[in-house]
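All remarks here apply to the structure that follows.
Just so it is clear, the values below take in all heavy atoms, side chains as well, and ignore hydrogens, waters and symmetry mates.
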Amino acid sequence: MKAHRLGALIVKESRELIRDPVTIALAVIMPLIMLFLFGYAVNLDVEQVAVGIYDLDNTPASRDLSARFDSSRYFQLEQKTTDLRDLESALQSSTISMGVVIPAGFARQLLRGDEAPVQVIVDGGYPVLGRLASAYAEAVIANFPAPRQSAVRVQARVWFNPSLRSVNFVIPGLFAVILMAFPPLLTALAIVREKETGTIEQIYASPVTSTEFVVGKLVPYGLVAFLEILMVMVVGFAWFQVPIAGSPILLLTSAFVYVLTTVGIGLLVSSLVRTQLAAMLITLIVTLMPSFLFSGFLFPLFTMPLALQLYSWLFPAGYFMEISRGIVLKSAGLEAVLPNLMMLIVYTVLVFVFAAWRMKQKVA
């Protein structure tokens with residue numbers, strides 16, 4: 001590999017990149033749009049759940065329990081009814097998402113020290129909302145003061161994200177998704193564009209080796225992708241006020257390795273197709289879709305069938321997802337992230353070796 005040929009290729013590709021305003025706009029604006037869109041739209045917090053209360057007891061104790069639901073930030077009291085059919089109708093029409101039935105004799109049972117059951121009816125149409133709303137309702141009821149209380153109390157503590165803000169979980173995951181969305185696409189289109197215009201034949205006829213060609217393409221787009229992740233991280237941490245518990249240097253180092261991986265995937269795709277449309281479609285299929293479904297971005301992988309868990313190992317977004325969230329949320333050090341980092345390094349080497357081999361086959 002000759003340094004002067006490699007330098008000329010890098011300069012050439014950098015000039016073409018700078019002269020292409022569409023590519024620059026795609027590299028700068030689209031990641032920010034995606035960050036804000038998902039940062040605000042993907043909200044796993046459950047607050048202001050509409051609740052209806054059917055109070056058959058109508059005593060100070062039952063009214064106090066109703067007031068506790070109304071004053072909780074997790075619930076919003078939409079209606080109080082004296083007819084069970086009204087409660088059922090409100091649930092069916094989605095006017096409320098949860099109903100609370102306080103039976104007759106509730107206060108009397110509390111005074112006697114007996115169990116005073118309260119029925120909670122949750123709309124299961126949205127399973128995540130239903131599970132969380134049910135858990136919050138149980139907490140409100142369990143903390144309701146009674147004359148005789150058990151001596152045993154559970155004191156729960158939340159580690160790593162004590163505020164339970166979903167944005168603290170979503171933003172570090174978006175780093176992996178955004179980097180898997182745009183750098184491979186930009187790289188693949190850049191090379192395939194040369195195939196469509198015929199300028200790549202000049203490369204084939206020149207003394208440039210396949211390795212020099214791959215590296216010459218890698219450096220400019222790798223730099224753009226790294227600037228993308230810097231921009232996205234700064235905006236993510238500053239705008240959404242996501243605290244970073246671990247080392248920013250370790251996070252950036254891991255992101256640099258991931259950048260090489262994503263750009264390498266774009267090079268590999270470009271070596272397999274001849275049109276920009278095909279490159280765009282294949283890139284989206286092998287990068288963006290798996291980064292949402294098989295990375296653990298929105299739901300944990302262990303909830304999937306075993307076959308799909310094994311299938312998820314084929315996609316690098318999951319490895320960086322673990323690194324990013326581990327460093328940001330859990331203050332993970334090098335020892336903790338090293339297995340996933342090594343997987344990214346191996347993935348990158350394999351992708352570049354295969355891409356260079358494909359380019360060499362083309363020249364031959």
Side-chain angles (χ1 to χ4, degrees), residues 37-84 86-103 106-107 109-110 115-146 149-150 152-174 239-243 297-300 303 325 328-329:
L37 181 63
F38 283 93
Y40 283 111
V42 180
N43 189 350
L44 305 179
D45 297 334
V46 175
E47 296 184 0
Q48 299 297 306
V49 176
V51 61
I53 295 181
Y54 178 34
D55 187 359
L56 288 168
D57 197 44
N58 196 26
T59 60
S62 66
R63 289 194 290 270
D64 185 18
L65 180 59
S66 300
R68 286 176 179 269
F69 275 98
D70 193 22
S71 62
S72 171
R73 68 184 179 94
Y74 298 111
F75 300 103
Q76 180 176 348
L77 184 58
E78 289 292 335
Q79 70 174 48
K80 294 188 71 172
T81 180
T82 56
D83 191 337
L84 186 59
D86 291 341
L87 195 69
E88 181 181 354
S89 176
L91 283 167
Q92 287 178 339
S93 63
S94 298
T95 304
I96 61 174
S97 299
M98 189 182 76
V100 178
V101 180
I102 305 175
F106 172 75
Q109 288 174 306
L110 285 178
E115 288 187 357
V118 175
Q119 186 180 31
V120 176
I121 306 170
V122 178
D123 182 358
Y126 298 94
V128 174
L129 172 63
R131 283 193 293 266
L132 289 176
S134 178
Y136 293 154
E138 290 178 9
V140 171
I141 296 170
N143 290 322
F144 185 72
Q149 293 183 340
S150 171
V152 180
R153 282 184 173 273
V154 177
Q155 292 186 341
R157 295 290 184 270
V158 179
W159 285 13
F160 308 131
N161 186 15
S163 62
L164 292 177
R165 293 177 68 220
S166 62
V167 71
N168 293 349
F169 171 81
V170 170
I171 294 300
L174 276 175
W239 182 270
F240 292 97
Q241 298 181 349
V242 176
F297 174 56
L298 292 178
F299 41 83
T303 61
R325 285 176 173 162
V328 173
L329 295 176

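- In this structure, Asp64 has no side chain to side chain donor-acceptor pair (under 3.5 Å) partners at least two apart in sequence or on a different chain.
- Residues that satisfy the side chain to side chain contact (heavy atoms under 4.5 Å, CB included) test with Gln119, not counting sequence neighbours, are Val101, Ile121.
- Ala116 pairs by the side chain to side chain contact (heavy atoms under 4.5 Å, CB included) definition with Phe106, Gln109, Leu110, not counting sequence neighbours.
- With sequence neighbours excluded, no residue forms a side chain to side chain donor-acceptor pair (under 3.5 Å) with Ser134.
- With sequence neighbours left out, the side chain to side chain donor-acceptor pair (under 3.5 Å) criterion links Thr95 to Ser93.
- Taking OG1 of Thr81 as the reference point, atom CG of Leu56 lies at 9.5 Å (rounded to 0.5 Å).
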> Val170 and Phe240: side chain to side chain contact (heavy atoms under 4.5 Å, CB included), yes or no, with the steps?
Replying inline: CA-CA 10 Å; Val170 170; Phe240 292 97; over 6 Å; no
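- Not counting sequence neighbours, the partners of Glu78 by the side chain to side chain contact (heavy atoms under 4.5 Å, CB included) test are Ala50, Gln76, Ile96.
- For Asp70, there are no side chain to side chain donor-acceptor pair (under 3.5 Å) partners two or more places apart in sequence or in a different chain.
- Here the options are Val118, Leu87, Leu77, the test is side-chain contact (heavy atoms from CB on, under 4.5 Å), and the partner is Val100; only Val118 passes.
- Side chain of Asp57 to main chain of Ala107: a donor-acceptor pair is present (N/O by atom type, distance under 3.5 Å, no hydrogens or angles).
- Shown here are the side chain to side chain contact (heavy atoms under 4.5 Å, CB included) partners of Leu37, two or more places apart in sequence or in another chain: there are none.
- For the atom pair CZ of Phe144 and OG of Ser62, the computed distance is 8.0 Å after rounding to the nearest 0.5 Å.
- With sequence neighbours left out, the ring pair (Phe, Tyr, Trp, His ring centres under 6.0 Å) criterion links Tyr74 to Tyr136.
- Atoms CD1 and OH, from Ile102 and Tyr54 in turn, are 11.5 Å apart once rounded to the nearest 0.5 Å.
- Considering CG of Asn168 and CZ of Arg325, their distance stands at 11.0 Å, rounded to 0.5 Å.
- Within a 6.0 Å radius of CD in Gln48, more than 12 heavy atoms belonging to other residues, nucleotides or ligands are found.
- If you take CG on Leu174 and CZ on Phe297, they are separated by 4.0 Å, rounding to the nearest 0.5 Å.
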>> Let's go through Arg63 and Asn58 carefully: what are the C-alpha distance in whole Å and the side-chain angles of both, what is the deciding distance for side chain to side chain contact (heavy atoms under 4.5 Å, CB included) to 0.1 Å, and is it a yes or a no?
In response: CA-CA 6 Å; Arg63 289 194 290 270; Asn58 196 26; 3.1 Å; yes
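- Taking all atoms of both residues into account, the shortest heavy-atom contact from Gly39 to Val167 is O-CG2, 4.2 Å.
- A donor-acceptor pair is defined here as one N or O able to donate and one able to accept, closer than 3.5 Å; no such pair exists between the side chain of Ser72 and the backbone of Phe69.
- Separation of atoms CZ (Arg68) and CD1 (Ile141) is listed at 11.5 Å; rounding is to 0.5 Å.
- The shortest heavy-atom contact between Ala133 and Met98 is O-SD, 3.9 Å.
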